Amino acid sequence: ASIANQTFSMINSVQITEKNAEPEITLLTYLRRSLGLTGTKLGCAEGGCGACTVMVSKYHPHQNRIIHHAVNACLAPLCSLHHCAVTTVDGIGSVASKLHPVQERIAKAHGSQCGFCTPGIVMSMYALLRNNPRPSMHDIQEAFQGNLCRCTGYRPILEGYRTFTKDGGCCGGKGQTNGCCMTNGHIQEHVNDSTTLQAQKLYDQSEFMPLDPTQEIIFPPELMVLSKQPQRELRFVGERVLWIQPYSLKELLELKATYPNAKLVVGNTEVGIEMKFKNLLYPVILAPAYIPELNIIQHTQDGKRVIYLKGCFCLSMLFDGLKQILFVTVKKLPAHQTEVFEAVLEQLRWFAGQQIRNVAVCFVSLPEVKNSFIEVNGLENDWEKRVLEMDEKFFPGYRKTILKSEEILLSIEIPYTRKYFSAFKQSPRKEDDIAIVTCGMNVLFKEKSNIVQSIRISYGGMAPVTVLATATCNRLLNRQWNEELLEQACTSLAEEMSLSPSAPGGMVTYRRTLTISLFYKFFLTVQHKLALDLRMEVHINRHLAVPPGHNNDDVVGHPIMHLSALKHATGEAIYCDDIPCYENELHLALVTSIKAQALIKSIDTSDAMAVPGVVAFISAKDIPGSNLTGPVVYDETVFADDKVTCVGHIVGAIVADTQAHAQRAAKDVKISYEELQPVIVTIQDAIANKSFYQPVRSIERGDVAQGFKDSDHILHGKMHIGGQEQFYLETNCTLAVPRGEDGEMELFVSTQSASKTQALVAKALGVPANRVVCRVKRMGGGFGGKESRSTILSTVVAVAAHTVKRPVRCMLDRDEDMLVTGGRHPFFGHYKVGYMNNGRVMALDVTFYSNAGNSLDLSLSILERALFHMDNSYNIPNIHGTGYMCKTNLPSNSAFRGFGGPQGMMIAESWMSDVALSCGLPAEEVRRMNMYKEGDFTPFNQRLDQFTIDRCWEECMQLSDFNKRKEAVEQYNRSEKFLDIKLINTIESLCSLNAQAGALVHVYSDGSVLLTHGGTEMGQGLHTKMVQVASKTLGIPCSKIHITETSTNTVPNTSPTAASASSDLNGMAIYNACQTLLQRLQPYKDKNPKGCWEDWVTYFDRVNLSANGFYKTPDLGYDFDTNSGRPFNYFSYGVAVSEVEIDCLTGSHKNLHTSIVMDVGKSLNPALDIGQVEGGFMQGLGLFTLEELRYSPDGYLYTRGPGMYKIPSFGDIPIELKVSLLRDTPNEKAIFSSKAVGEPPLFLAASVFYAIKDAIIAARAESGLTGPFRLDSPATPERIRNACEDKFTKLCPPADPGTFTPWAVQV
């Protein structure tokens, strides 16, 4: 047969022919670098975040239908898209031409903040609608399983897209009849079967364009014609890889015989990851996706089994095919015969995200389906087929099967079940997560009895391979299915399913307990024939929009859409890496340390320099200025010179013609080390070695010793709070352009701190700051992570650009970003509390230890903030707090939303919870009794004025119907024992550090206004609010005002956009600048009072139409030595109630309900503020219940991407969510009576944590356990299950500390 060497495809209806395509190039790289289609974003490069989602359509001749699939462009090889049509976000609509309804609705429903994830979410929804124009909410949630968002909290996205559903919005009437949803509008919502009138909506659903499926882009007819013609084998020869795409089974078998070690690739979801992240190379890849024989699923006529044939049969098609067979072909069969298919369907629902399921093939996902058979084919003996049973011998080793190298998998047969069958999967997060333990179990009873005839129990996650609990199964034969059998099984499983305490993956006690707990679930399922609970779908919220009586001409206070939201939704918003490449631009990749504490003996770059396209290796010797750097003190280096102090320490950088060449060469740099001791990784290591930064901080008020003497009781406690990765969707990125004269350099950076970037780059280059310009258009998220740590990349890229005298670009991959940048500080606190019998706290002595990492960074300010919040909102008359910063061999930890406040308040709520439990009193009563009141003084002697937390408390009690809920929970727990509700309050202050801002306002002769200020836009809507402020002050429409970017050459010496203070500071600076302009224009307004803005703006009368504004917060300052001063300008207040349900057997929990009441003063923009409340709450939910950074004892970070590090997803938001902004609370200390809103809501997610803890208390009571106990944060399934001590946990005691080396340590 003839061989072709070019792909033919269509991208956004444009014909693309690529001859000799490079097999290692992904669709994402091709779209962005070759075609300039930058709407599709790179978020993780491993198919875990969905930012790169596109729709791939192809015609299947053997199925005679067109299939539209959402896929991850970061994994899809360009070579795999022959005869496919690709649709990207750029191709379905634009601001300039016409928006697609999918784009319009997410923007107008306020479902976009930073906007970096938005194109991927838009394309997931678009692909769903192409297949199903009237989906259900369940369909939408399933479509979004592979998409992550770090900003919004997900609720507005689901609310906006609910309008496409059968019962949620668009009816297809297109506004032409009175019965149309577009003309009726929806002003009511249903809460618990009662109808409540909602406040004015944040958006008008009737304004949405209707969806018209007939107007969608059709599948290109030429591709359909080509797909029906006889196909030729495709071959592409790359630099390192040969890609072959056969079109018949015969061709594939011949190729497998020729290349027995070749990898078979369909979706590239495994091989792509291995080649990128594990540095593996597969020289030959065979792509069997288009072989007809490998694309069939069928039900055999003998009625014994279902057969499905593998190949390119992706999981989503398998899912649809099995559903078809289950619900149509075999619907007349008894239910017990089809249990295996039900189990497979249920497991497929939770396997990866939709984008992965759309391309991944099925075989690896079914290890628990024992007694299945696979048919393999090989060239031996003239294409001999053999049938293998998937038994305990099928997997001889980790990721190995008993197939011969020249054989291919032809089919899998799944027999009907003749018995009870169940499959279980337990993972940290329900959606799109890797299992901790997975299992399949089935049992067959002797006829008309409960005596076990045969039983099989298999587990994944308990060994390198899937294991059968053979000994346990044998012991259960011929036994009655009763409590005695259960006890015998549990004891036997505890013995048989053992794990080394150092086993990879850690969580050894939890995993062993799970094997027993999951069998218990199976036991109950069989005994009671229980069905698994289906997840509820309804997400409800209630909130304030424009307050009654508001002036509609005044844009401040209106829920104006984020100014960039439409551009986010169309992919037209430009981020740093979207800037077109310069003609002679180079790409940079970091070379980092693999040791935590070592001397550098030598660096060998010879192999790296031999990689094609490599231009230079940059290191400390290339720095023209100073190698010292740091945001506050210069205790860091741009490049490690002679010593490394953490894994991920930047040693050098490779500069090459492409990112792929630079990254490949960086891995080839060989560094030899002399390891040093001790390696200090954890807080406990630092305490043992007295490894602390100075100073040690403390705050004291009252007589603590006397307070303890006066107390009825004293308790002691400890708590550890884990760190958190910012996980901004856009990783750190810098483009440095040397200007060729006087040492000038222009930097395009994704940073919250343009001025600090400018200063540190100038220092490294040895030039004055006036030679360096730093420009920030927008960021795809920041959350504090780009306040100081972004400079470690910017300085490196600037030095490289200076050295090679060419523009240099670097956008870190997700794994690199997580490795080098650090995150939220882990904290350890121990406390001593004195209290009275009635729960009144009299004295507190608390000590904080923070894990600062290998440099000071902002750790001192963060520790101080924790101390300022050590009381949360409780008035403790005698209080003493001490804080230590631990110096460890981890990448330096830094700012993250809340800035130490959440850690301090979390420990406060821990001792408050302990006090309530010890007194036997309701926790909400003890909290209320100890709460501050108007006029009280804090431990740092600041008076509380305009104190509104009591109002927030009362409104939240009403909003959540707390008392009724609590009564229902207590009733439920009497029978079920694992539901609880918790009310948490917070008081948050605003940092005084660098409390200043500048603004520059230009008015042009046509009346248009250009606004520049010192704040940066990272999704929080700062630019939108600043335009609103300028609009109100100048009295002109927002449409006349524009902000282009933040730059150091327009507004100098800016404060970082941080501490939630940017609206306060920059808003006042803009207000001051606008007032200056108004004063200059006042004579013209007086002359022509009936004129308009354009009449008053007079260029010809030589009036200066440009004004600077400046603002600094007055009367701020605090002295730790004297405990005097005023560290904060004002306080924000909030209260939350959360209700959760925990599963005592697995440790999983469901977030059932959350109500939040937040005091944000007089809101500048309710839509943006509610978005901040919800987004902050969800980040807190991740911090306190889900996100866990896992380090080895040697300081190596395991969790370096969405595969291992789980942030909240669409399925984690509370089933019922209510947010209300407190009314009538003007704050005269900030712009237009508003308040900061970015950080305070995050801590309210602690209500979920303490609801979980209360539910655990109820569960422990069943086992006779009472009194306070330690529960560290986050409350992961492992911690929840281990805290619910019972007879199963006693069968799996943990190994004694010190007797083994753990896989991971708590840092």
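A quick note: this is a predicted structure, and the numbers were derived from the prediction, not measured. Just so it is clear, the values below take in all heavy atoms, side chains as well, and ignore hydrogens, waters and symmetry mates.
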- Task: Might you confirm whether atom CD of Glu1228 has over 12 heavy atoms from other residues, nucleotides or ligands at distances under 6.0 Å?
- Result: yes
- Task: Take Val632 and Leu858 through the test side chain to side chain contact (heavy atoms under 4.5 Å, CB included) and record every step on the way to the result.
- Result: CA-CA 7 Å; Val632 181; Leu858 304 175; 3.7 Å; yes
- Item | Lys1025 and Asp1169 ion-paired at < 4.0 Å | yes
- Message: Could you report the tightest heavy-atom contact between Gln752 and Gly784, atom names first, then the distance?
- Response: OE1-N, 2.9 Å
- Message: Side chains of Ser894 and Ser788 only: does a donor on one sit below 3.5 Å from an acceptor on the other?
- Response: yes
- Exactly one candidate in Thr821, Asp857, Asn732, Asp817 meets side-chain hydrogen bond (donor to acceptor under 3.5 Å, both in side chains) with Arg789; the answer is Asp857
- Item | Lys1235 and Tyr1130, any side-chain heavy atoms less than 4.5 Å apart | yes
- Task: Using modelled atom types only, decide if a donor and an acceptor are shared between the side chain of Arg775 and the backbone of Thr1046 within a distance under 3.5 Å.
- Result: no
- Task: Identify the heavy atoms of Ala51 and Phe116 that sit nearest to each other, and give their distance.
- Result: CB-O, 4.2 Å
- Assess the side chains of Thr1012 and Thr1050: does a donor N or O sit below 3.5 Å from an acceptor N or O? no
- Query: Can you tell me if Ser1060 uses its side chain to pair, donor with acceptor, with the backbone of Glu1239 under 3.5 Å?
  - Reply: yes
- Flag the pair Val1001 / Leu1010 as yes when at least one side-chain heavy-atom distance between them is below 4.5 Å, and no otherwise. no
- ring pair (Phe, Tyr, Trp, His ring centres under 6.0 Å) partners of residues 1025-1082, not counting sequence neighbours, each pair once: Tyr1071-Phe1232
- Answer whether the closest heavy-atom distance between the side chains of Glu636 and Pro631 falls below 4.5 Å. yes
- Heavy-atom closest pair (Ala1069 atom, Gly998 atom, distance to 0.1 Å) is CB-C, 3.8 Å
- Task: With the side chain counted from C-beta on, respond yes when Ile1043 and Val1027 share a heavy-atom pair under 4.5 Å apart, and no when they do not.
- Result: yes
- What about His562 and His1023, are their ring centers closer than 6.0 Å? no
- Query: Looking only at atom types and distance, does a side-chain atom of Trp1096 sit under 3.5 Å from a main-chain N or O of Gln1082, one as donor and one as acceptor?
  - Reply: no
- Salt-bridge criterion met for Asp1115 and Lys1229 (N-O under 4.0 Å): no
- Message: Checking Tyr1004 against His1002 for the side chain to side chain contact (heavy atoms under 4.5 Å, CB included) test, could you report, in this order, the C-alpha distance in whole Å, the side-chain angles of both residues, the deciding distance, and whether it holds?
- Response: CA-CA 6 Å; Tyr1004 293 97; His1002 296 317; 3.9 Å; yes
- Task: Report the C-alpha separation of Gln946 and Asn1227 in whole Å, then their side-chain angles, then the decisive distance to 0.1 Å, and conclude whether the side chain to side chain contact (heavy atoms under 4.5 Å, CB included) test is met.
- Result: CA-CA 8 Å; Gln946 294 181 307; Asn1227 170 37; 3.9 Å; yes
- Is it true that the NZ or CZ of Arg150 lies under 6.0 Å from the centre of Tyr728's six-membered ring and within 45 degrees of the ring axis? no
- Item | Donor-acceptor under 3.5 Å (Ser94 side chain, Ser97 main chain) | yes
- The single option from Asp577, Thr734, Leu735 passing side chain to side chain contact (heavy atoms under 4.5 Å, CB included) against Phe748: Leu735
- Verify whether one side chain among Ser112 and His568 offers a donor that lies under 3.5 Å from an acceptor in the other. yes
- Message: With salt bridge (charged side-chain N to carboxylate O under 4.0 Å, His left out) as the test, pick out the partner of Glu730 among Lys41, Lys786, Arg778.
- Response: Lys786
- Task: For Lys763 and Leu628, indicate whether the former's side chain and the latter's backbone hold a donor-acceptor pair under 3.5 Å.
- Result: yes
- Message: Could you check whether atom OH of Tyr634 has more than 12 heavy atoms from other residues, nucleotides or ligands sitting under 6.0 Å from it?
- Response: no
- Query: Are Ser1106 and Asn1104 close enough that a side-chain donor and a side-chain acceptor fall under 3.5 Å?
  - Reply: no
- Audit row: Asp578, Arg32, side chain to side chain contact (heavy atoms under 4.5 Å, CB included) steps and yes/no: CA-CA 8 Å; Asp578 297 338; Arg32 294 181 60 82; 2.6 Å; yes
- Between Lys1090 and Asp1095, is the closest basic N to carboxylate O distance under 4.0 Å? no
- Heavy-atom closest contact (Gly1021 atom, Leu1168 atom, distance): O-CD1, 3.7 Å
- Spell out, as yes or no, whether a donor-acceptor pair under 3.5 Å connects the side chain of Ser1234 to the backbone of Ile1231. yes
- How close do Ala736 and Val797 get, heavy atom to heavy atom, and via which atoms? CB-CG1, 3.7 Å
- Message: For a 4.5 angstrom cut-off between non-hydrogen side-chain atoms, does Arg771 reach Asp742?
- Response: yes
- Message: Donor-acceptor check, side chain of Thr757 to backbone of Ser753, threshold 3.5 angstrom: yes or no?
- Response: yes
- Task: Measure across Pro1166 and Gly557 and return the closest heavy-atom pair with its distance rounded to 0.1 Å.
- Result: CD-O, 3.1 Å
- Message: Keeping Glu744 on the side-chain end and Arg739 on the backbone end, is there a donor-acceptor pair under 3.5 Å?
- Response: no
- Item | Sidechain-backbone polar pair: Gln103 side chain, His100 backbone, donor-acceptor under 3.5 Å | yes
- Message: For the residue pair Asn1053 / Ser755, report whether a side-chain donor-acceptor contact shorter than 3.5 Å exists.
- Response: no
- Between the side chain of Asn1066 and the main-chain N/O of Gly1015, is any donor-acceptor distance below 3.5 Å? yes
